Amino acid sequence: NDFSGTSLNLFPKIAEVFGLDYIGTSKWETAEEKLKEGYSVITTVTKGIFTTSSHYMVVANIDDEYIYLLDPWMRTEYELDRKHRLEILEPGLLRAKREDLNRLGLYGFYMMKNLEKAPAAANK
């Protein structure tokens, strides 16, 4: 087998092991909604401005103008970003305009959240 990389089956298994709610989708709208609800959102990016194959990143935040991504490769430049859609805030922290979302190559979203409430503080 010539396959190398991380299986998409990893994320539901992680959620199962740690007792987390898990949702997988290809729809940005669902990922955005769940990010606002406090889910951690991992995305797969396709061959394009980030990489020549595929790659996992974290959608860290969104606001009215930008989407913020955490890239574990911690790059200081993206030579494939010829139209300069990415802004490197610091190595590993990027932002791109929401209007460029469809050009970023985000194609899968894997969301996890601990739904259990934290234990109430003991009365003193």
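Values in this document were obtained by computation on a predicted structure and should not be read as measured data.
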Give a yes or no answer on whether the side chain of D81 reaches the backbone of L86 with a donor-acceptor pair at less than 3.5 Å. yes
Reported CD-to-CD1 distance for the pair E77 and I88, which is rounded to 0.5 angstrom: 7.5 Å
Between D21 and Y39, is any side-chain donor less than 3.5 angstrom from a side-chain acceptor? yes
Would you say the side chain of M112 lies within less than 4.5 Å of the side chain of I14, judging by non-hydrogen atoms? yes
Just so I know, are the side chains of Y66 and N61 near enough to count as touching, which here means a heavy-atom distance under 4.5 Å? no
Can you check whether L101 reaches L106 side chain to side chain, under 4.5 Å on heavy atoms? yes
Which pair of heavy atoms, one from E32 and one from I62, lies closest together, and at what distance? CG-CD1, 3.1 Å
Would you say the side-chain atoms of R85 pair up with the backbone N or O of R103, donor to acceptor, closer than 3.5 Å? no
Side chains of T46 and H55, heavy atoms from C-beta outward: is any pair under 4.5 Å? no
Would you mind checking if E33 and K36 are paired as a salt bridge, meaning a charged N to carboxylate O distance below 4.0 Å? no
Quick one: side chain to side chain contact (heavy atoms under 4.5 Å, CB included) partners of T25, sequence neighbours excluded? K27, T30, F109, M111
Could you walk me through whether K113 and L20 pass the side chain to side chain contact (heavy atoms under 4.5 Å, CB included) test, one step at a time? CA-CA 5 Å; K113 181 179 180 182; L20 304 173; over 6 Å; no
Could you report the tightest heavy-atom contact between L35 and A60, atom names first, then the distance? CD1-O, 4.3 Å
Find the distance between CG (L104) and CE (M57) and round it off to the nearest 0.5 Å. 9.0 Å
Can W73 be reached from L70 by stepping across I, L, V, M, F, W or Y side chains whose heavy atoms are under 4.5 Å apart? no
Would you say that I67 contacts V59 through its side chain, given a criterion of any heavy-atom pair below 4.5 Å between the two side chains? yes
Which distance, rounded to the nearest 0.5 Å, do you find between the CZ of R82 and the CD1 of I49? 11.0 Å
Which distance, rounded to the nearest 0.5 Å, do you find between the CH2 of W28 and the OG1 of T43? 8.0 Å
Nearest heavy-atom approach of A31 to V41 is O-CG2, 4.0 Å
One should read off an interatomic distance between L80 CG and Y78 OH, to the nearest 0.5 angstrom, of 10.5 Å
Sub-4.5 Å side-chain heavy-atom contact between R95 and L89: yes
Once you measure the plane-to-plane angle for Y56 and Y110, does it fall in the parallel (<30°), tilted (30-60°) or perpendicular (>60°) bin? perpendicular
Rounded distance [0.5 Å steps], CD in E87 versus NZ in K97: 9.0 Å
